Amino acid sequence: MGEVVGTRGKDSGPDGRSAAQIEADIVRTRKQLAATLDELAVAVHPSTIVGKARADAKAVLDRTVGQAFVAANRGVEQVRAQFVDEKGHPRKERIVPVAVVAGVAVAGLVLLRRRR
């Protein structure tokens, strides 16, 4: 039996690529692998991990502070609505009793302190 010669030529591999193409693919794959390893090294570096943890903690804190601000603002608006009507005029029928109770409380505290 004789040697079978493919139509691809004697310098080509089983997939039809030349030795130069295979070598170029190897070089490209090595460069991609090196870049991937560099990215992984940066990702697992302690300073990167600490920086990400700080950023995550700041984001959580910012979100929490924002939610607290919204809740406090909502509370202030609810209290304000009890003492001011829709037109912005004070509701004297609600303000006067609160002022009287506050005055009595302050007077009571003053009297308690004087007795001591």
Side-chain angles (χ1 to χ4, degrees):
M1 289 200 163
E3 184 178 332
V4 178
V5 177
T7 58
R8 297 180 186 134
K10 67 178 188 173
D11 288 339
S12 64
D15 60 357
R17 296 182 300 162
S18 69
Q21 289 172 323
I22 293 171
E23 286 179 24
D25 287 346
I26 290 171
V27 168
R28 186 177 64 251
T29 301
R30 281 183 180 155
K31 287 180 181 178
Q32 289 172 344
L33 180 58
T36 300
L37 289 173
D38 288 345
E39 290 172 11
L40 287 172
V42 168
V44 300
H45 193 275
S47 63
T48 302
I49 294 170
V50 168
K52 184 176 180 336
R54 282 184 183 156
D56 291 347
K58 184 180 183 310
V60 168
L61 180 63
D62 288 347
R63 187 171 44 251
T64 302
V65 168
Q67 290 170 345
F69 177 79
V70 168
N73 196 33
R74 189 176 302 129
V76 167
E77 286 301 316
Q78 288 173 348
V79 169
R80 184 177 183 277
Q82 297 299 315
F83 298 102
V84 178
D85 65 13
E86 297 81 25
K87 295 180 182 179
H89 301 300
R91 294 183 178 185
K92 293 178 185 173
E93 71 278 3
R94 292 190 178 170
I95 295 173
V96 171
V98 171
V100 169
V101 169
V104 169
V106 169
L109 288 173
V110 168
L111 289 174
L112 282 175
R113 290 194 175 217
R114 285 188 179 178
R115 287 189 175 182
R116 290 184 185 178

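Source: prediction; values computed, not measured.
Ion pair R17/D15 flagged as a salt bridge, since at least one NZ, NE, NH1 or NH2 atom sits closer than 4.0 Å to an Asp/Glu carboxylate oxygen.
Residue L33 holds its CG atom at 9.5 Å from CG of L40, rounded to the nearest 0.5 Å. Once rounded to the nearest 0.5 Å, the distance linking CD1 of I49 with CZ of R54 reads 13.0 Å. Distance CZ/R30 to CG/D25: 12.0 Å, rounded to 0.5 Å. Atom CG of N73 sits about 10.5 Å away from atom CD of Q78, to the nearest 0.5 Å. F83 contributes atom CZ, which lies 15.5 Å from atom NZ of K92 (distance to the nearest 0.5 angstrom).
Q82 and R91 share no donor-acceptor pair across their side chains, judged by distance under 3.5 Å alone.
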>> Test side chain to side chain contact (heavy atoms under 4.5 Å, CB included) on L111 and R115; report intermediate values, then the result.
In response: CA-CA 6 Å; L111 289 174; R115 287 189 175 182; 5.6 Å; no
> Can you check side chain to side chain contact (heavy atoms under 4.5 Å, CB included) on L109 and R113, steps first, answer last?
Replying inline: CA-CA 6 Å; L109 288 173; R113 290 194 175 217; 5.5 Å; no
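Pairs engaging residues 32-45 under the side-chain hydrogen bond (donor to acceptor under 3.5 Å, both in side chains) rule: H45-S47 [sequence neighbours left out].
Between the side chain of T64 and the main chain of V60, a donor-acceptor pair closer than 3.5 Å is present. At distances below 3.5 Å, at least one donor-acceptor pair connects side-chain atoms of T48 with backbone N or O atoms of V42.
Hydrophobic clustering places V79 together with I95 (ILVMFWY residues linked when any side-chain heavy atoms are closer than 4.5 Å, directly or through intermediates).
With sequence neighbours left out, D62 forms a side chain to side chain donor-acceptor pair (under 3.5 Å) with K58.
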